[in-house]
Peer 1: 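Supplied in structure tokens, the structure appears directly below.
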Amino acid sequence: MTTPAAPFAQKIATAAYRPGPYRLPDGGTLDSCFDPYRLAGDPQLLTETAAALADLLPEGAEALAGPALAGIPLVTAVSLLTGLPAAFLHPAPKGHGTWQQIEGADLGGRRTVLLDDTARSGTSLLRSARLLRSARLLRIGGALLGTAVCVLDRDAGATTLLADHHLILRTLIRDLDGTR
């Protein structure tokens, strides 16, 4: 596993950084935010980021899963690069079409890596992990999950929370200054 060189990490931070204030779902605020759509909207940077994320995948990974909306372009890019099948997670079951909450590749019994843009407290990643694990318990195509990979870790407790739930968190960048 490698970590990106400081210039590449700074390139991601420069492209995707937005000064705040930024309101969090829990009501708190941040002085700055990471805008994954700026990263995903730049084909060259997305390609470079996908390669760096692929380097963080654990040996033996068999599939990828990412939550809507920000995780989907990242999962798609890493899937294209690695050839690993991908699944996409809705926050709630769709109210039309397939009515499913997990779409895309069948993850049943596959060693799957959860991939997303940002980790802060870890609650969003944990919610996605629980969805993937409960699908396995319900025998509806659930994944074997032990690793989550993110572009940015805001260092607000995600590593500890996920470890408490038997998930390893691997990230490219810690906080928005581009450092590891």
Peer 1: Could you go through Leu84 and Leu57, starting from their C-alpha distance and side-chain angles, then the distance that decides it, and tell me whether this counts as side-chain contact (heavy atoms from CB on, under 4.5 Å)?
Peer 2: CA-CA 11 Å; Leu84 294 173; Leu57 298 178; 3.9 Å; yes
Peer 1: Output every pair passing side-chain hydrogen bond (donor to acceptor under 3.5 Å, both in side chains) with a member in residues 68-90, not counting sequence neighbours, ordered by first then second residue.
Peer 2: His90-Glu103
Peer 1: In Å and rounded to the nearest 0.5 Å, what is the OG1 to CG distance from Thr147 to Leu162?
Peer 2: 10.5 Å
Peer 1: Give the minimum heavy-atom separation between Leu64 and Thr112, together with the two atoms involved.
Peer 2: C-CG2, 3.9 Å
Peer 1: Identify which one of Pro36, Pro67, Pro73 satisfies the side-chain contact (heavy atoms from CB on, under 4.5 Å) criterion when paired with Asp117.
Peer 2: Pro36
Peer 1: Quick one: are Leu89 and Leu114 in side-chain contact, heavy atoms under 4.5 Å?
Peer 2: yes
Peer 1: Using the side-chain hydrogen bond (donor to acceptor under 3.5 Å, both in side chains) criterion, which residues pair with Thr47? Sequence neighbours excluded.
Peer 2: none
Peer 1: Taking all atoms of both residues into account, what is the closest heavy-atom pair of Leu169 and Cys150, and its distance?
Peer 2: CD1-SG, 4.1 Å
Peer 1: Quick one: closest heavy-atom pair of Ser32 and Tyr22, and the distance?
Peer 2: O-CB, 4.4 Å
Peer 1: Hey, could you give me the CD1/CG distance between Ile72 and Leu115, rounded to the nearest 0.5 Å?
Peer 2: 11.5 Å
Peer 1: Could you give me the CA-CA distance, side-chain angles and deciding distance for Leu126 and Arg130, then say whether side-chain contact (heavy atoms from CB on, under 4.5 Å) is met?
Peer 2: CA-CA 6 Å; Leu126 184 56; Arg130 285 180 171 152; 3.7 Å; yes
Peer 1: Of all heavy-atom pairs between Leu161 and Gly122, which one has the smallest distance, and what is that distance?
Peer 2: CD2-C, 3.5 Å
Peer 1: Between Thr171, Thr118, Leu172, which is the residue that forms a side-chain contact (heavy atoms from CB on, under 4.5 Å) with Asp153?
Peer 2: Thr171
Peer 1: Just wondering, more than 12 heavy atoms not from Asp31 lying within 6.0 Å of its CG?
Peer 2: no
Peer 1: Given side-chain contact (heavy atoms from CB on, under 4.5 Å), test Phe8 with Leu45 step by step and report yes or no.
Peer 2: CA-CA 9 Å; Phe8 177 60; Leu45 185 56; 4.0 Å; yes
Peer 1: Return the set of residues passing side-chain hydrogen bond (donor to acceptor under 3.5 Å, both in side chains) with Asp42 (not counting sequence neighbours), or none when no residue passes.
Peer 2: none
Peer 1: Going by the side-chain hydrogen bond (donor to acceptor under 3.5 Å, both in side chains) test, which pairs reach into residues 58-67, not counting sequence neighbours?
Peer 2: Glu62-Arg111
Peer 1: Can you tell me how far CG of Leu74 sits from OG1 of Thr49, rounded to the nearest 0.5 angstrom?
Peer 2: 7.5 Å
Peer 1: Please list, chain by chain and in numerical order, all residues satisfying side-chain hydrogen bond (donor to acceptor under 3.5 Å, both in side chains) with His165, sequence neighbours excluded.
Peer 2: none
Peer 1: Give, for atom CG of Leu30 and atom CZ of Arg120, the distance between the pair rounded to the nearest 0.5 Å.
Peer 2: 6.0 Å
Peer 1: Just do the side-chain contact (heavy atoms from CB on, under 4.5 Å) check on Leu125 and Asp116 with the steps written out, would you?
Peer 2: CA-CA 8 Å; Leu125 286 166; Asp116 205 358; 3.8 Å; yes
Peer 1: Is it the case that the side chain of Arg170 and the backbone of Leu56 share a donor-acceptor pair, with hydrogens and angles ignored and the cut-off at 3.5 Å?
Peer 2: yes
Peer 1: Does Glu48 have any side-chain hydrogen bond (donor to acceptor under 3.5 Å, both in side chains) partners at least two apart in sequence or in another chain, and if so, which?
Peer 2: Lys11, Gln44
Peer 1: Looking only at non-hydrogen atoms, find the nearest pair between Ser134 and Leu131 and report the distance.
Peer 2: OG-O, 3.0 Å
Peer 1: Looking at every heavy atom in both Ala16 and Phe34, which two are closest together, and how far apart are they?
Peer 2: CB-CE1, 3.3 Å
Peer 1: Using only atom types and a distance under 3.5 Å, with no angle test, would you say the side chain of Arg133 pairs donor to acceptor with the backbone of Leu145?
Peer 2: yes
